[in-house]
Amino acid sequence: MSSGESIAVVLGRVSTEDTDRVIETIEALDPVVSGERCEIVIADRLQDKLTDVIRRVYPHVRLIDCPPGMTLTEMRTLAYEASSAPIVAVTEDHCVPTPGWARTIKQAFDQGGPELVAVGGSVVNGVTDTGLDWATYLCEYSFFSPPVAQGDSAILPGMNVAYRRSALEGIPRELLTSGFWETTVHPLLLEKGGRFLSLNELVMLHKKRFSWRLFASQRFIYSRYFAGLRFGHAALPKRALASLASLALPPLLLMRAVKAAKAKGLGKEMLRASPYLLTLYCVWALGESVGALRGPGDALAMIE
């Protein structure tokens, strides 16, 4: 790491569609755009032609070769361990920080005091051409569409968040690798008395253009992972009951999404997305039903 880099940006390169979006991520972290010099570490399980492009055109980016079956959470942990800056920011290979993003993170930690351990922000849809584009965004990130909570908050988005390294160093490695940090690491940081800060001005663009097939399969896989993690060690009767109850999720999810979209001023966008959303929520429910009954299986390794 060159001197003067106070923020390490770590991510896993896993996207099999819209795979070159990561170039926009790298260019958005140029200090002229981001406002701070960033150490960039990418764990890469694709190792394709774009990997060679990154090595050639962006030599300041550190690439870590990973086997195809490695989970995204393991990859992020490797990238974090290979970095050294005092602030560790986590994003994804299809997310693009807006101008001043790194400067906003640095200022927040400078002003927040030692008890501030994590800073997060909002997530804006950066791909808006079709109803499916809006459906994939609203299905995942309607809660983090601006405005988000301003100030102290226990909920931060897992792909627009930065941590004080000293706080992460106290986390057992098995928690860093066993699941997504917003479910494994965040609760522990809060239990230890750490403070989280949510800022509307810290904006990340979500810019992955999914095909219907990929998003539906990913939604099923993630839902199975989530429910399997939650109920995997429960007795069979409890798992069976949770599996059955999951099938009632689609109307509840749709109502919640409509309410959130209206509150965020996204009513028209929700209308465009609605033909796709109900089906996606059925896929979501089926994934949770399978996960609750049969456990996560190898879902974590399949998430991109």
Side-chain angles (χ1 to χ4, degrees), residues 9-22 25 41-51 54 62-83 88 90-95 136 139-141 157-161 163 168 171-188 206 208-234 239 242-243 246 280 283-304:
V9 181
V10 303
L11 58 103
R13 185 163 173 261
V14 296
S15 290
T16 57
E17 292 184 357
D18 222 359
T19 187
D20 58 352
R21 190 71 70 179
V22 70
T25 307
V41 186
I42 300 177
D44 185 350
R45 75 181 183 199
L46 301 179
Q47 297 171 42
D48 54 13
K49 292 181 179 179
L50 191 61
T51 305
I54 295 171
R62 180 169 184 181
L63 285 168
I64 301 173
D65 290 344
C66 300
M70 181 172 282
T71 67
L72 180 53
T73 53
E74 290 176 299
M75 293 166 66
R76 286 179 178 173
T77 301
L78 285 178
Y80 150 65
E81 291 172 338
S83 68
V88 181
V90 176
T91 190
E92 296 177 352
D93 63 356
H94 52 273
C95 295
T136 57
C139 188
E140 298 289 336
Y141 295 112
M159 33 67 83
N160 185 19
V161 61
Y163 307 92
L168 289 179
I171 302 294
R173 193 178 192 277
E174 63 182 26
L175 284 183
L176 296 175
T177 60
S178 63
F180 291 97
W181 291 3
E182 57 267 37
T183 58
T184 61
V185 173
H186 289 195
L188 186 55
H206 184 268
K208 186 167 182 174
R209 178 168 281 111
F210 286 90
S211 66
W212 164 259
R213 182 174 181 176
L214 178 64
F215 189 81
S217 65
Q218 284 291 303
R219 183 63 265 177
F220 176 89
I221 290 165
Y222 188 84
S223 297
R224 177 174 181 175
Y225 157 75
F226 176 80
L229 196 68
R230 184 178 179 188
F231 297 105
H233 298 292
R239 286 189 282 120
S243 178
S246 297
L280 287 173
V283 172
W284 181 326
L286 184 60
E288 290 211 13
S289 181
V290 172
L293 187 62
R294 302 186 62 184
D298 60 353
L300 187 58
M302 300 169 68
I303 292 172
E304 64 174 71

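Reckoned from all heavy atoms, side chains included, excluding hydrogens, waters and symmetry mates. No experiment lies behind these values; they were computed from the predicted model shown.
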Spacing of CD belonging to E140 relative to CD belonging to Q218, to within rounding of 0.5 Å: 9.0 Å
From V41, V22, V90, residue fulfilling side chain to side chain contact (heavy atoms under 4.5 Å, CB included) relative to L11: V22
Min side-chain heavy-atom separation E304-E92 under 4.5 Å: no
Shortest non-hydrogen contact between A43 and M75, atoms and distance: O-CE, 3.1 Å
Side-chain donor or acceptor of E17 paired with backbone N/O of L214 under 3.5 Å: no
Verdict with reasoning, T136 to R219, per side-chain hydrogen bond (donor to acceptor under 3.5 Å, both in side chains): CA-CA 9 Å; T136 57; R219 183 63 265 177; over 6 Å; no
Spacing of CD1 belonging to I171 relative to CH2 belonging to W181, to within rounding of 0.5 Å: 9.5 Å
Report all side-chain donor-acceptor pairs from residues 286-293 shorter than 3.5 Å, counting only partners two or more places apart or in another chain.
unit_1, atom_1, unit_2, atom_2, d
E288, OE2, W284, NE1, 2.9
S289, OG, S243, O, 3.0
S289, OG, S243, OG, 2.8

L176 and V185, any side-chain heavy atoms less than 4.5 Å apart: yes
Short side-chain to backbone donor-acceptor contact, R21 and K208, under 3.5 Å: no
Results of side chain to side chain donor-acceptor pair (under 3.5 Å) for T177 - residues two or more places apart only: none
Results of side chain to side chain donor-acceptor pair (under 3.5 Å) for S178 - residues two or more places apart only: none
Candidates T25, L50, I64, L63 - the one meeting side chain to side chain contact (heavy atoms under 4.5 Å, CB included) with R13: L50
Any residue meeting side chain to side chain donor-acceptor pair (under 3.5 Å) with H206, in chain and number order, not counting sequence neighbours: H94
Any residue meeting side chain to side chain contact (heavy atoms under 4.5 Å, CB included) with M302, in chain and number order, not counting sequence neighbours: I221, D298
Approximate separation, where rounding is to 0.5 Å, of T73 OG1 and L78 CG: 10.0 Å
T91 side chain to N160 backbone, donor-acceptor under 3.5 Å: no
From W212 atom CH2 to L280 atom CG, the distance as rounded to the nearest 0.5 Å: 4.0 Å
Distance (rounded to the nearest 0.5 Å) between L168 CG and Y80 OH: 5.0 Å
Donor-acceptor under 3.5 Å (R45 side chain, D65 main chain): no
Qualifying residues under ring pair (Phe, Tyr, Trp, His ring centres under 6.0 Å), relative to Y225, sequence neighbours excluded: F180, Y222
Straight-line distance of L175 CG to R173 CZ, nearest 0.5 Å: 11.5 Å
Chi angles and distances behind the side chain to side chain contact (heavy atoms under 4.5 Å, CB included) call for I303, T71: CA-CA 7 Å; I303 292 172; T71 67; over 6 Å; no
Side-chain heavy-atom pair S15, D18 within 4.5 angstrom cut-off: no
Polar side-chain atom of R224 near backbone of A299 as donor-acceptor pair, under 3.5 Å: no
Main-chain N/O of T16 paired to T19 side chain as donor or acceptor, under 3.5 Å: no
Residues, nucleotides or ligands: over 12 heavy atoms within 6.0 Å of R209 CZ: yes
Nearest non-hydrogen partners of A234 and R239, listed with the distance: O-NE, 3.0 Å
